[in-house]
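All chains are named by letter (A, B, ...) in the order of the sequence lines, taking the proteins before the strands, and each is independently numbered beginning at 1.
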Amino acid sequence: MNGFLIYVAKRFGQFVFVVVTGVTLAFLIAHFSPVDPVEQTLSLVTSFGATDPRSVEILRQSLRELYGTDGSLIEQYFLFWSRVVRGDFGPSLSAFPTPVMTIISRALPWTIGLLTLATIIAWVVGNTLGAIAGYFRDSRVMKVVGLFVMALQPIPTYISGLTLLIVFGFLWPILPISGGAQLNLEPGFTWAYITSVIQYGTLPALTLVLVGIGGWFISMRSLVSNIVTDDHVVYAELGGVSSRTVFSQYVARNAMLPQVTGLALSLGNVFGGAVIVEFIFNYPGIGKLMVAGIYAGDYSLVLGVTTFSVIAVAVAVFLIDITYPLIDPRVKLG
Amino acid sequence: MFKVLRDLLRYNREFLCGTLLVSIILGVVIASFFAPYDEMMTYAVIPDMPPGPEYWLGTNSRGQDMFWQLAASMRNTLMFGIVVALISRVIAIAVGLISGYVGGKTDQIIMAFNDTLGALPNIPILLLLVFVLRDQMTWPVLALTAALLGWTHDSRLIRSVAMSLRTREFTRHAAFSGMRTGQILLREHLPYVMPIVFFTTMNNLIWAIGLEVTLSILGFSDINRPTIGGMIYWANAHSAMVAGIWWWIAVPMVAVVMLFIGLFLLAMSVNEYIDPRSRLARMGA
């Protein structure tokens, strides 16, 4: 158990390091921006009519406090941290005065649902197919599957998404291509609403799955085909262990370990892909929020979403990392 | 080197296909230097002409010949990818070789930094930067930023090879005969990692071009400068699919898919060539 604690402590250190770097980076980028959120809000407010200069000055002061752009660089930096810890990113500019955090928490379930589902499907399907293809190297069927999966792999998220959109939206319109659920339905745990969410999520999820499968397939296949020639596998085969057991217990289990690490490493990229997919399918998640924020020039929203997603990805990576000892008992021994 | 290439072309079907696809794209890029009119010009030809003998790939609603537009876009997009790949290669090689050779605490610190950078999601950070810089975000700035974000995975690969080189006989010989660390890394170790560098360059190109296409499609780059993503951006802005001008979307998409599959096949076949086990399997052993 001691080894496990050391392992978790190390991972936690890495997690803290990633979060600090990411938040600092986001702060620095935003700080040296020519866009001043205070002046932007002011011009928004004052454009509705004449306001006397004194109240503008008072407004400016309170806006500065609101956005945390008061004081020196160091002061602002620590202020930013205290805001991040409290989850307070100030009010959104385009939906003034709704807090950014409220908007994010509204979009969050969509992104988490879409990403979790698509990532798990891609990981499981890709690794299963890859393991089978690696174990039965000479199978004709698996060669065809491999060719197909590998042709999909290098194609960027946007192209796959757009292709699916054109095929299922224009040429053969059977699936909804825009939004998260049917608009005239009341959100809740009703049958109609849930089926609608599934229907609307199919194409975005399919895009992410198609893009994701290839990488897992290729690395799993090469891992498995290397392990198959290992002594312990040959010994088990000669000893008459059934090929099903050899495949699942001797080969696939060992090959899975680097794939779990790979899953943690790839999450950042997966999130990037989700931003694009949400934009294409107009899916009401974090990614779409960010793009919309940029279009609207919404400073606090963009900064909030960036900071939030850096932290969220780090948390997800950390969670995957600490489940690793469950499948690799060697970590526990330290 | 040439012999290896010749053998690869002769015996490796993936390498041949990859070379072919990339050559077609390069041919289009070369053609861009002979364009009959300025690539930024709009309404140079009759708008909305379908592909035919006069306009090979049709024309778009902005009155641009798709072929010449594609040629210029491919050139710019490829240029972006190559700049990113080159800069990030230099960083990856330097970090990987030094970290692997020096080892110890230095290696641990460098790798901790490496992994931290690698764990940050690129797209949100790039989007924030684009948002902040707005019009100052020219393509060289974007290329530099992408290069600074995109080397971490490859430096780890290079490091793993450098670590095994460190304990080899010839490294000790070199060190004892008085070569400086820099010399050992450049003259003795660099040649060994070159195949990996080539392999990762292809993947990095794919990643960088994908990034550029993504940002341009969202409209977050200089949209007047023709790029592959920019072509799709304009097609979307004019609702090309709804208007039935399918070739406006299809041409850049097919071209970029050709490029990606070509690069991917090259990377795959070279990777297979590097790995002696798969080379043996290919020979039927």
Practice prompt. Compare all side-chain heavy atoms of A/Ile276 with those of B/Leu218 and state whether any distance is below 4.5 angstrom.
Written response: yes
Practice prompt. Could you look at A/Ile29 and say if it's the side chain, the backbone, both or neither that has a heavy atom under 4.5 Å from chain B?
Written response: both
Worksheet item: Side chains of B/Phe220 and A/Tyr295: does their closest heavy-atom pair fall under 4.5 Å?
Response: yes
Discussion item. Can you tell me which of A/Val302, A/Thr157, A/Leu303, A/Leu25 forms the most heavy-atom pairs within a distance under 4.5 Å of chain B?
Written reply: A/Val302
Worksheet item: Mind checking whether A/Thr306 and B/Leu127 have side chains closer than 4.5 Å, heavy atoms only?
Response: no
Discussion item. Show me the pairs that pass salt bridge (Lys or Arg N to Asp or Glu O under 4.0 Å) and involve residues 211-221 of chain A, at least two apart or across chains.
Written reply: none
Item to complete: Check whether any side-chain heavy atom of A/Phe17 sits under 4.5 Å from a side-chain heavy atom of B/Asp115, and report yes or no.
Response: no
Discussion item. Is there a side-chain contact between B/Thr214 and A/Pro156 in this structure, where contact means two heavy atoms from C-beta onward sitting under 4.5 Å apart?
Written reply: no
Fill in: Contact check, side chains of B/Leu120 and A/Val18, non-hydrogen atoms, under 4.5 Å
yes
Practice prompt. Identify the heavy atoms of B/Ala119 and A/Val313 that sit nearest to each other, and give their distance.
Written response: O-CG1, 4.0 Å
Worksheet item: If you take all heavy atoms of B/Phe260 and A/Ile155, which pair is closest and at what distance?
Response: CD2-CA, 4.4 Å
Worksheet item: Which region of A/Ile218, side chain (C-beta onward) or backbone (N, CA, C, O), has a non-hydrogen atom less than 4.5 Å from a non-hydrogen atom of chain B, or is it both or neither?
Response: side chain
Practice prompt. Please state whether the side chain, the backbone, both or neither of A/Ala314 comes within less than 4.5 Å of a heavy atom of chain B.
Written response: neither
Practice prompt. With a 4.5 Å heavy-atom cut-off (strictly below), which parts of residues 247-255 of chain B touch chain A? List them by number.
Written response: B/Ile249, B/Met253
Worksheet item: Contact part of A/Ile159 toward chain B, heavy-atom cut-off under 4.5 Å: side chain, backbone, both or neither?
Response: both
Discussion item. For B/Trp207, which atoms come within 4.5 Å of any heavy atom of chain A: side chain, backbone, both, or neither?
Written reply: side chain
Worksheet entry | A/Val317 portion near chain B, given a 4.5 angstrom heavy-atom threshold | neither
Practice prompt. Identify which part of A/Thr307 has an atom lying under 4.5 Å from any heavy atom of chain B, answering side chain, backbone, both or neither.
Written response: neither
Discussion item. Does any backbone or side-chain atom of B/Val256 lie under 4.5 Å from a heavy atom of chain A? Answer side chain, backbone, both or neither.
Written reply: side chain
